[in-house]
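Before any comments, here is the structure.
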Amino acid sequence: MSSILTWSTYVIVFGALGVLALRDRTKARQAVKVAVKSFFGILPIMLAFIGLIGLLLGIVPPEVISRYLGQGAGWWATLTAFVLGAVLYIASLVSIPLAASLLRAGASVTTIAAFLTGLMMVNTVTLPLEIKYLGKKMALSRNLLSLLFAFAIAIVIGMVLQ
Amino acid sequence: MNTNLPQQISNGAPQGAPVKKTPRQWLADYRWVLLIALADLLVWVFWPAQAAPVIRNTWDYLVEMVVILIPVAVLMGLFEVWVPKQLIGKYLGRESGWKGILLALLFGSAPTGPLYVAFPIAAMLLKKGASPLNVIILLDAWAAIKIPQLLIEARFLGPSFMLVRLALTVPSAILMGWLIQKGIERTGGLDLDPAGSENIS
């Protein structure tokens, strides 16, 4: 299913690019330029994470991963993953493959979901900047509510998909 | 390991002429890759039994990543030239209702840069009269349901994970926006920092 999804993505995206190229050459060229730039922009950190994942999965036996992050590890594992996610700054394009590798190695869905929702929705690192632009009221309330919602969403994902 | 990530992603935005990188910069960019490669080498030398699984896992993830990263990058390029960033402010006002919410969701999930790129845009929108509800929805969408990110999520964690998370995140964003708007109204409006507004163009 996910490979059908990927190939239809190819068809849609490159189809759209083709349509754009027919209608407006300069814009299409600019789009390709941005595409190449963002691809190579993310590549160094992406390769590093892929290397890290490969190393991790090659060295750490799945039993260890599932013992510390799996169902049996309980709430502490989920909570720790959530707090880590909320505090760290890792772009989701990179953190998702990492999360997927842990999931496949035996981590529980709830724990992985908590890590990801924490990362995406609670933005501790950028909070000072957010306060500067949007004011304390908006920035703080957004992040505090995100904290609650992110955890709740992770729990529900775990209940639905476990 | 990733504190310098935002700059690298935001490079996707078209600004000026491309800058040629010196070998030193290449080395700096790829330092973590080199470090991991070195670690791989050490595993191969001192722990040869584990070398095969390390290489296989790395290769599998590499293929999987590149396969999805190519259309994602093209999508980023398309959004960059297609989505009008200034025009949207007009349609996000307090009277915009569900249309405004939908537009905030769409606009928030289309862009490609890291979240902090969204802050000045959000501040500009607020100044131009966008409602806090819509701005919060936009920020939440930008943070958690960007389309390129959803594609990667579906690829790696499965379509059902992506869809369940999406289905939960959208109403959460709307509810959060509504709560925050009410809170701001009750406590006497926004507390935008006038000094911060200098940077808002």
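Computed from heavy atoms alone, side chains included, the values below leave out hydrogens, waters and symmetry copies.
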- [ ] Name the region of A:L116, side chain, backbone, both or neither, that has any atom closer than 4.5 Å to a heavy atom of chain B.
- [x] side chain

Open item on the list: Shorter than 4.5 Å, heavy atoms on both sides: which option in B:D140, B:L151, B:V66 has the most such pairs with chain A?
Closed with: B:D140

TODO: Tell me, for B:V43 versus chain A, whether the close heavy atoms (under 4.5 Å) come from the side chain, the backbone, both or neither.
DONE: side chain

Task: Between CG on residue B:L69 and CE on residue A:M46, distance to nearest 0.5 Å - done: 4.5 Å

Task: Proximity breakdown for A:F39 and chain B, heavy-atom pairs closer than 4.5 Å - done: both

Open item on the list: Can you tell me which of B:V135, B:T169, B:D60, B:V67 forms the most heavy-atom pairs within a distance under 4.5 Å of chain A?
Closed with: B:V67

TODO: For chain A, find which of B:I184, B:I70, B:I68 contributes the most heavy-atom pairs closer than 4.5 angstrom.
DONE: B:I70

Task: Region of B:L139 that comes under 4.5 Å of a non-hydrogen atom in chain A - done: both

Task: Value rounded to 0.5 Å, distance of CG in B:L168 from CD1 in A:I155 - done: 11.5 Å

Open item on the list: Once rounded to the nearest 0.5 Å, what's the spacing between atom CG of A:L161 and atom CG of B:L163?
Closed with: 10.0 Å

Open item on the list: Which atoms of A:T117 are under 4.5 Å from chain B, going by heavy atoms: the side chain, the backbone, both sets, or neither?
Closed with: side chain

Task: Exam field: side chain A:Y133 to backbone B:M124, donor-acceptor pair closer than 3.5 Å - done: no

Open item on the list: Using a 4.5 angstrom heavy-atom cutoff, name the option from B:R56, B:M162, B:E64, B:Q181 with the most pairs to chain A.
Closed with: B:E64

Open item on the list: Using a 4.5 angstrom heavy-atom cutoff, name the option from A:A150, A:A152, A:A99, A:S146 with the most pairs to chain B.
Closed with: A:S146

Open item on the list: Please classify the contact between A:V32 and chain B as side chain, backbone, both or neither, with a heavy-atom cut-off of under 4.5 Å.
Closed with: neither

- [ ] Look only at the side chain of A:K137 and the backbone of B:T187, and say whether a donor-acceptor pair between them is shorter than 3.5 Å.
- [x] yes

- [ ] Sort A:L47 into side chain, backbone, both or neither according to what part of it lies under 4.5 angstrom from a heavy atom of chain B.
- [x] both

Open item on the list: Does any backbone or side-chain atom of A:L55 lie under 4.5 Å from a heavy atom of chain B? Answer side chain, backbone, both or neither.
Closed with: both

